[in-house]
Amino acid sequence: MKLITAVIRPHRWENVREALELLGISGMTLTEVSGYGRQKGHTEVYRGAEYDVLLVPKVRIEIVAEEPDVDGIIQAIQSSAATGKIGDGKIWVSPVESVQRVRTGETGPAAI
Amino acid sequence: MKLITAVIRPHRWENVREALELLGISGMTLTEVSGYGRQKGHTEVYRGAEYDVLLVPKVRIEIVAEEPDVDGIIQAIQSSAATGKIGDGKIWVSPVESVQRVRTGETGPAAI
Amino acid sequence: MKLITAVIRPHRWENVREALELLGISGMTLTEVSGYGRQKGHTEVYRGAEYDVLLVPKVRIEIVAEEPDVDGIIQAIQSSAATGKIGDGKIWVSPVESVQRVRTGETGPAAI
Amino acid sequence: MTTPQLAAVAAIDPTATAAGDTAWLLASAALVLLMAPGLAIFYGGMVRSKSVLNMMMMVLGALAVVTVVWVVVGYSIAFGDDVTLGLFGDPTQYFGLKGLVEADPEARIPGILFAMFQGLFAVITVALIAGAIADRTRFGTWLVFCAVWTVLVYAPVAHWIFDFDAEGHVGGWMANKLGALDFAGGTAVEINSGAAGLAAALVLGKRLGFGRDPMKPHNLTLVMIGAGLLWFGWFGFNAGSALGASHLAAMAFVNTLVAGCTGLLAWLLVERVRDGHATSFGAASGAVSGLVAITPSCGVVTPIGAMAIGVAAGAICALAVGLKYKLGYDDSLDVVGVHLVGGLVGTILIGLLASSDVAAVDGLLYGGGLDQLGKQLVAAGATLVFSFTMTALIVWVLEKTMGFRVAEDDESAGVDLVLHAETAYDLHAATGGSRPHFGGN
Amino acid sequence: MTTPQLAAVAAIDPTATAAGDTAWLLASAALVLLMAPGLAIFYGGMVRSKSVLNMMMMVLGALAVVTVVWVVVGYSIAFGDDVTLGLFGDPTQYFGLKGLVEADPEARIPGILFAMFQGLFAVITVALIAGAIADRTRFGTWLVFCAVWTVLVYAPVAHWIFDFDAEGHVGGWMANKLGALDFAGGTAVEINSGAAGLAAALVLGKRLGFGRDPMKPHNLTLVMIGAGLLWFGWFGFNAGSALGASHLAAMAFVNTLVAGCTGLLAWLLVERVRDGHATSFGAASGAVSGLVAITPSCGVVTPIGAMAIGVAAGAICALAVGLKYKLGYDDSLDVVGVHLVGGLVGTILIGLLASSDVAAVDGLLYGGGLDQLGKQLVAAGATLVFSFTMTALIVWVLEKTMGFRVAEDDESAGVDLVLHAETAYDLHAATGGSRPHFGGN
Amino acid sequence: MTTPQLAAVAAIDPTATAAGDTAWLLASAALVLLMAPGLAIFYGGMVRSKSVLNMMMMVLGALAVVTVVWVVVGYSIAFGDDVTLGLFGDPTQYFGLKGLVEADPEARIPGILFAMFQGLFAVITVALIAGAIADRTRFGTWLVFCAVWTVLVYAPVAHWIFDFDAEGHVGGWMANKLGALDFAGGTAVEINSGAAGLAAALVLGKRLGFGRDPMKPHNLTLVMIGAGLLWFGWFGFNAGSALGASHLAAMAFVNTLVAGCTGLLAWLLVERVRDGHATSFGAASGAVSGLVAITPSCGVVTPIGAMAIGVAAGAICALAVGLKYKLGYDDSLDVVGVHLVGGLVGTILIGLLASSDVAAVDGLLYGGGLDQLGKQLVAAGATLVFSFTMTALIVWVLEKTMGFRVAEDDESAGVDLVLHAETAYDLHAATGGSRPHFGGN
Ligand SMILES: Nc1ncnc2c1ncn2[C@@H]1O[C@H](COP(=O)(O)OP(=O)(O)O)[C@@H](O)[C@H]1O
Ligand SMILES: Nc1ncnc2c1ncn2[C@@H]1O[C@H](COP(=O)(O)OP(=O)(O)O)[C@@H](O)[C@H]1O
Ligand SMILES: Nc1ncnc2c1ncn2[C@@H]1O[C@H](COP(=O)(O)OP(=O)(O)O)[C@@H](O)[C@H]1O
C-alpha cells in the first residue's frame, strides 16, 4: 500500500479526476491548501500600500493505492495536471502499512 | 512511531473524540477535507440546470502515536465513526521516523 | 527523501518562513487545521449557555526535503515557532519514496 | 367608500394635510416591507450554515403568501364590518380590495395604502413564527400554514384590537368594548407570533441534537445586518402606526429609538453579570426585545417611560431565552423568549406607564388606577390563549395530513441541500467538484 | 424656470400640497439611490468569489459616472425641449442643471429634485447591463461605456417615453405622439437594459468555461440582502414615479408589492414542477421578475391585474433564463431573461390589463380594444431594436479601440485580483502569507 | 414650549406645511438611525475577522449610550439657552426632554423630533471615533467614554455651531457671533470625530504588528454593504438638515449625491495613477470622503460646486490615509484620513465655493471676498483643537483609571473571543469542536 500525495492547481482537479477515473481510481481525499514556492501570488494593494501575496491556492489530493497502480496514477496526474507554467505542483509517494474501511472494517486492498 | 490518518464523517468527530479520550489519547490534528468516493453528494440546481456535487465534506484526523497504541486507536475510531452507510471513510497507518514537541524540543514518545 | 510535517501556531508562520528561507528552503505546502491537545480554546457563550471550544486554529506545514537537510529544517522550525507556551505544536518526519515535479516530470532532488 | 378606521384616525388631527400624512405612510409602508428581508437576514444568520437559505425562504415565502391572502380576503376579515360580537369582520366587504381601488376624495390617506400597510403587519407576524421551527420543516407545508394562519388567526386578532368603531362601522371587541391599548401590535403581532411559535415548536418537536450541540449562529455579521434593517424598519411599524406625520408619530419615533437602546444595554448587563461576557448576539437580541416591548406602548408613554420599558424587556427577555433549555421546548430562534415575553412586557406595562401627556389615559404609576392594567391583562391573555390553541391545532392537522416536519436524514444533511438543492456559500478557490447533467443523465 | 414635465404632472392633482409631495419624492429618490448598492450586492452574490468586487465596482462606477454625465448633459437631452421629431432633447437647455438651482415658487416639487430622481433611473439602467458581461471586462472601458451609453442610448429613450408635452414644451414621440403607457420604466429601464445586455454579451463573447462549469452564485446570502434592498428601493422607483404623495402613488405601491409576491410564487412553482426543488435563488429572481414587469404597469392596473402580471412574469422569466444555455449567449447574470423578458411582459400586458379605474384607458381584457396593445408593442419593439443596435455598436467600437474584454489568463485568475489587486474575503486564522513592500522593492 | 431653533428655521420658509415637513424629518431621522448599523457593517468589514463583532458592538454601544445620555442631558446642553459666552447650553432646561413631550401647536415640526434627529448626529459622531482604536479597546470603558465624550465634547460643539439665536433664545458662538456656515456637521460631526480619533489613537498606541502585517479588511462585501447603507442614510443626514421638504432639501440632496460620486471617481483615479490599480475599498472610501466633505456644504453650494468638493475630498483623502504609515500613528480605520481631512476640506471650501444662488453668501470664487473663508477657518480650527485636547485628556484618564486598552495576549488572540466569547463566522461542515458546559463544570 502506498499513499500518493499530489499538490496541484485548483482548476486542474476536474481534469485529474477524469484521468483517474479512466484508470478505475474512484476514491480520493481533497484538501484546500496554500502553496509556497517559485510561483508568486499577485500583489494586493491596501490603502496605497502594496503587499506580495506569498501563498497561492492549491488543492492537495491524497490517494491510498496498491503498489502496482502507483506508477499509472502518478502518470495520470502528471499529464492531466501539467500546464507547463511554474506552479503546477508536486507529487510524492510514501509507504502505508495498513488501511481499513470504516464502514465494514475490511482491510488491505479490499478497503480502498 | 506511527501516523494514523482517518477520514470520517464530520458529525462523527465528537464520538471519535470521546472514544479516544477513553484510551488516553488527547492530542490530534483535524483538517476539513472533501471526500470523493462511492458516496455521492446531493444534486444542486442552478437556473434550472442540475449539477451533481461530486465531493462530500469529511474530516481528516491525524494522530501520531506509539506503535503499541496503534491497534487500539484504530479500533476506537472504527467503532465510534461507523454508521454502516456508504461514505464512513478510511483509516490508514504510515511510518514516522521522528517526532518532536515544538515548545520543549522533546523527542520520541515524550513529544506526543 | 523525507516529508517533514509541522503543526504550529498560525501567527508564527511568518517567522518560520523567514527561518527556512535562510536555509534555502523555498517550497512548502500549508493547510489550515484545527488542533486538539493540551492547549484549550476559549469559552464561547451563546444565549447564556457556555461552550468550551475544544479546537484551536493551527497551521500545518509540509515540506518534502532531502535527507541531509532534515535536521536543519527541524531545528529552524523549532526555534522560529516556539513561544514556550502550551500549544506550540509538533514536528514529525516520515519517509518518502519518490517525488516528482508536475510541470516537468523531473524526479528526485531535482523535483523539490 | 370610506374606511371607517381612517375616518376615526382623521378625527385625531383634523388640521393635518393629506399629502404630508400620506407621504409618511408611504415611507412607513416601505420601511415595514424592509422588515421582511431584514428578518430573513436576522434569522438566517442565527441558524447553522446548512439551513440559512431555507430560513430566508420561509420568511420571503410568508411575505408572498400572506400578501396575496391579505389582498384577497385577509384585510376584509380584519377591517370589514363586524359580523359577530367583535370577533370577525365581513370577508366579502373588501374582497380583493374591492372598493379601495378608486380614489376617495374624502379620505385623509388613501384607503388602499392603509390596507396594505396593515397587510405588512400580517406578513411580519407570520414570518416571525418561522424562527421557532427552524431547520426542520417542509417548505410547501409552511406556505400552506402561512395562508391558513393568516385567515384563521392573524386577521381575527387584528380585527379585535386594530379595528376601531366609527360612524357606520362596528369594529373589534378589544379595541372598542374592552378598551385595551395597543399602538402598533403588542397583542396582534408580538404575543400572537410568540404564542404561535411556542405551539408550533411543541407540536413539531425538537431539532436533532437539541441541548447537546451548540447550534450557534453561523454568521453573526448577518445577524447584525438583519438587526440593523429591522430597527430601521421598526420606525415605519411604530411611528407609521400614527397614520400621519404628526406629533404622535414623532413621539412614537423617539420612544422606539429609546427603548431599543435601553433594551440593548439591559440585555448586555444581564449577560455581563451572569456569564462574564457581553455578546454581540446579546446586543442584537436586546435591541429587538426593547423594540418588541415598545411596539404596543410607543404611542402612550413618555421617553422616560420608554426607557423603563426597554430596560424591563431587555433584562426579562435575556433571562427568558434560557427557559427553553430548562423546560425542554426547542423554540429555535427564541420567538417565545423575545416576542412572546417582550410582547407581554410591553402590553402589560402600558397599564403602569401610560401617560396622559401622550395618550388618553394614565397608567398605575401615573396615578391612573388599576383599570387600564386589567384591560391590558385581558387583551394579552386572550391573544395568548387563542393563538396558542389555534396554532397547535393547525400545525397538528398539517403534520398529520401533508407532513410538516422533514425526515431525520434530511434534517441532519441540512434542509438547504435537501429541500432547495442549494448551498449558501461557495467561497473556495477549488471551484471544481460538481458536474453538470448533460443530456439525459 | 419651469420644468414642463412637472407642470404637466402638477395638473393631475392640483390640490396636492407641495411639501407633502416633495417629502415623498425626496424619500423616493433616496430609495432609488439605495437600489445601486442593492444591485451591487445582488449581482455581487451571484458571481464567483473571484470577481465579486469587480461586479460591485461596475455598479458603483456606473452610479458615479452616470450621475456626473446626467448632471452635465444627460438630463437636458432627456427633458430639454425637443430638437427633432420627438427623438432628442436640447442638450444646452439644462446644461450642468442650469436654471434649476434657484427655487421656483411655482413648481409643485423642486425641479432639481425631479432632475436627480430621473438621473437615478439612468444609473440603475446602466448598472443593470453589467450583469450580462460579468467576470470578463476591463473596468476603465466599462466607465467609458457608462458615459457614452447614457448620452447616446439612455437619455434619448428617456426623452421618448418620459418627457411629456406641456405648455411651451415639446417632449418625446412615444409618450406624446404614440401614446404608449410606461409608468416607471418598462421601456427606458427594463427593455433598454435587457436589450443592451444581450448585445454586449454577444459582442464580448462567453466566459471561459461557460456551459461546462456551474458558475453558481458564490454567496446566496448576499443575493438575498441585495434582493431585499432592491425591493425596498423599488417602492421609490415605482410609487415615486407618481411624483407626489397621492392615491396614485398608493396604487403603484400596492401593485409593486403584490406583483413581487406573485412573481416569487410563480417562479418557485415552475422550479418545483420542472426541477423538483424550489430554490432561494429562484425566490429572489422571481420577486425581481415581478417587480420588473410591474414597473411600467404599476400606475395603470388594479391589484388583481398586478397579481396576474406578477404570475406571468415569474413564470415566463423562470423559463426564459434557461434560454442562454440553449442559444449559447453568455448573459451571465440573466439580464436578458429577467429584465428584457420581464420588461416586455409588463409593457405588453398593459395593453391587456390597464384599467380605467386607475389609468385613463382600458386594456383589451377590460373592454378597451386592441388600440393600446398596439401602442405598447410599438414602444417595446422600438426600444428593443434601438438599444440592441446602438449597444452592439458601442461595445464593438470600445473593444476594437480601448479593449473591453480582459485577457484569458486574467479572467481565469479572477478579475478581482488582477484588475483591483484585492480579494473579497479573508476569513482565515492564518493571517500570514503576505509581505508588505518596504522601501523600493 | 417652543424650540427656538425650530422657530428660526420655520422663518426660512413660512409657507411650508407642517405635515409635509414633518414627514420628511421623520424619514430623515430614520435614515440617520440606519447610519449606525451602516457604520457598524462598514467598519466591521474593515477589521480582521477576529474583531469584527467587537467593532460592531462599539458602534451599537455608542448608539445606545449616546441616545440615553442625549435624552437625559445632552440635548439640553446643546440646544438649551446659552449659559455663558455661547459655549454651553443650560443642562436643566430640557432635562429628560421635559417640555417637549406635549404637542406644541405652534411648532412647524414637533420639537421632540428635532431633538432626537439631533441626537442621532451625536450618535454617529461618537461611533465614528471607534474606528481609530479598533481591535484593542475594552468594551466597558468604551461605553463610559461614549457617555463622557457626549457631555463634555459633542454637546458643547453642537451648541456652538447648530444652536441658532432666536427670539428669547441665545445660541452658540460659532453659528451666531462668528457666522461660520456648517449645514449638516462638517465641524461638530466630521472634524470633531476625526480629531478625537487622532487623539484616542495616539494615547492608546498602535495595534500589535502595525506597519508589519497588512491588517487588511477581512470582508470587503461587508464594507460595500455598509458603504451603501451609509450613503443612503446620508440623505437623511444632509437633506434632513434642511428641516423641511423644501427646495433647500432638494439642493442638499442633489449635492450629496453628486459629491459622493465625484469623491469616488477622484479616489479611484489617485489609486490608478499611484498604485496601478483602482480598488473596491478605494471606491467605498472615496464615496464616503465626498459625502464627508459635502456635509457642511451641501446647503450652500451648487451642484457644480459639489462636484468640485467631491473631487477635492476624494483626491486629498486618498493621499491622506497613507500618512499614518509615514507618521506612525495607528488610526486603524482611517477616521483621521477620511473624516478629519474630509471635514476640513468641506468646511474650508465653503469659503471658496458658497454661492448666493443657494445660501446667503458668496464664497471667494463666486466673488465673495475672504470674509467667509476666515470664518470657516476659525470654526474648523477651534473644533479641531478643542476636540483633540479634550479627547486626549478623557482617554488618558480612562486608561489610567479603568484601563482602556486590552492586554497584549487578548489583542493577539482577538477581542471577539476574549471580550465577547464569540466568533463571527462558523461556515464549516464540521460543526463539532465545542462542548457544552453541563451541570456546574
Ligand atoms: N519542498 C516542498 N514540499 C512540499 N510542497 C512543495 C515543496 N515545494 C513546492 N511545493 C508545493 O508545490 C507548489 C508548486 O511549486 P512551485 O515551486 O511554485 O512550482 P513548480 O512545482 O512548478 O516548480 C507550491 O505552491 C507548493 O504547494
Ligand atoms: N483510495 C482512497 N484514498 C484516499 N481516500 C479515499 C480513498 N477512497 C476513499 N477515500 C475517502 O474515503 C471517503 C469514503 O469513501 P466511500 O467510497 O465514499 O465510502 P466507503 O469508505 O464507505 O466505502 C471518501 O469520501 C474519501 O474521502
Ligand atoms: N498525537 C498527536 N498527533 C498529531 N497531532 C498532535 C498530537 N498531539 C498534539 N498534536 C497537535 O499539536 C498541537 C499542540 O499540542 P498541545 O498538546 O496543545 O501543546 P504542546 O505541543 O505544546 O504540548 C495540537 O493542537 C495538535 O494540533
Side-chain angles (χ1 to χ4, degrees), chain E residues 17-24 26-27 29-30 33-34 36-38 40-41 44-45 52-54 56-57 60-61 63-65 67-68 71 96-97 101-104 109-110 112-113 115-116 119-120 139-140 219 222 225 229 245 416 419-429 431 434 436, chain F residues 16-17 19-21 23-24 27 31 48-50 211-214 216-221 224-225 227-229 231-232 235-236 239 244-251 253-254 257-258 260-262 264-265 268 272 275-281 283-284 287 302-304 307 355 357-358 425 427:
Chain E
T17 311
D21 292 335
T22 301
W24 175 234
L26 282 164
L33 175 280
L34 184 63
I41 298 162
V52 46
L53 300 176
N54 172 258
M56 288 179 159
M57 285 185 77
L60 292 189
L63 168 60
V65 168
T67 296
V68 170
V71 165
L97 298 188
V101 171
E102 299 89 46
D104 170 10
I109 52 177
I112 199 160
L113 180 58
M116 214 65 252
L120 289 164
F139 183 63
N219 189 340
L222 280 185
I225 294 171
L229 294 180
D416 281 4
L419 298 184
H420 307 299
E422 292 182 305
T423 44
Y425 305 97
D426 184 6
L427 307 178
H428 296 300
T431 48
S434 53
Chain F
T17 311
D21 292 335
W24 174 236
L31 285 167
R48 289 164 291 172
S49 62
K50 66 182 178 179
R212 186 195 63 206
D213 305 340
K216 64 174 191 169
H218 85 285
N219 189 340
L220 283 164
T221 68
M224 300 303 261
I225 295 171
L229 294 180
W231 200 338
F232 177 54
F235 289 111
S246 57
H247 179 78
L248 183 61
M251 205 65 231
F253 188 104
V254 170
L257 178 56
V258 165
C261 290
T262 54
L264 185 156
L265 293 173
L268 291 187
R272 188 70 177 76
D275 314 323
H277 296 94
T279 68
S280 69
F281 192 31
T302 67
I304 303 298
M307 275 192 198
S355 159
D357 283 356
V358 182
Y425 305 97
L427 306 178

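Letters go in sequence order (proteins before strands), and every chain restarts at 1.
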Please tell me if the side chains of [X] and [Y] come closer than 4.5 Å, counting only heavy atoms from C-beta onward.
{"X": "P303(F)", "Y": "I112(E)", "result": "yes"}
{"X": "T22(E)", "Y": "S246(F)", "result": "no"}
{"X": "M224(F)", "Y": "L60(E)", "result": "yes"}

| request: Evaluate side-chain contact (heavy atoms from CB on, under 4.5 Å) for M56(E) paired with S280(F), printing each intermediate quantity in order. | output: CA-CA 8 Å; M56(E) 288 179 159; S280(F) 69; 5.9 Å; no
Mind checking the [atom1]-[atom2] spacing from [X] to [Y]? Nearest 0.5 Å is all I need.
{"X": "L97(E)", "Y": "I304(F)", "atom1": "CG", "atom2": "CD1", "value": "7.0 Å"}
{"X": "T221(F)", "Y": "L222(E)", "atom1": "OG1", "atom2": "CG", "value": "4.5 Å"}
{"X": "H420(E)", "Y": "L268(F)", "atom1": "NE2", "atom2": "CG", "value": "9.0 Å"}
{"X": "F235(F)", "Y": "L33(E)", "atom1": "CZ", "atom2": "CG", "value": "4.0 Å"}
{"X": "L26(E)", "Y": "W24(F)", "atom1": "CG", "atom2": "CH2", "value": "4.5 Å"}
{"X": "H277(F)", "Y": "D416(E)", "atom1": "NE2", "atom2": "CG", "value": "11.5 Å"}

| request: Would you confirm whether H218(F), through its side chain, and D426(E), through its main-chain N or O, come within 3.5 Å as a donor-acceptor pair? | output: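 Not a single qualifying donor-acceptor pair exists.
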| task | Could you tell me whether a side-chain N or O of H247(F) sits under 3.5 Å from a main-chain N or O of L113(E), the two making a donor and an acceptor? | result |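 Answer holds: no.
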Examine whether an atom of [X] lies under 4.5 Å from a heavy atom of chain F, and if so say whether it belongs to the side chain, the backbone or both; otherwise answer neither.
{"X": "A29(E)", "answer": "both"}
{"X": "F139(E)", "answer": "side chain"}
{"X": "V68(E)", "answer": "both"}
{"X": "A27(E)", "answer": "both"}

| request: Side chain from CB out, backbone as N, CA, C, O: work out which of these in I225(F) comes under 4.5 Å of a heavy atom of chain E, or both, or neither. | output: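 Both backbone and side chain.
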Quick one: of [options], who has the most non-hydrogen atom pairs under 4.5 Å with chain E?
{"options": "N219(F), L31(F), T279(F)", "answer": "T279(F)"}
{"options": "V258(F), L229(F), L257(F), D275(F)", "answer": "L257(F)"}
{"options": "D357(F), T262(F), V254(F)", "answer": "V254(F)"}

Locate the shortest heavy-atom distance separating [X] from [Y]; write the atom from each residue and the value.
{"X": "S49(F)", "Y": "L427(E)", "value": "OG-O, 3.7 Å"}
{"X": "T423(E)", "Y": "L220(F)", "value": "O-CD1, 3.6 Å"}
{"X": "A245(F)", "Y": "A23(E)", "value": "CB-N, 3.5 Å"}
{"X": "A278(F)", "Y": "M57(E)", "value": "O-CE, 3.8 Å"}

| task | Could you have a look at N54(E), V52(E), V71(E), L63(E) and say which one has the most heavy-atom pairs with chain F under 4.5 angstrom? | result |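 Of N54(E), V52(E), V71(E), L63(E), L63(E) has the most heavy-atom pairs under 4.5 Å with chain F.
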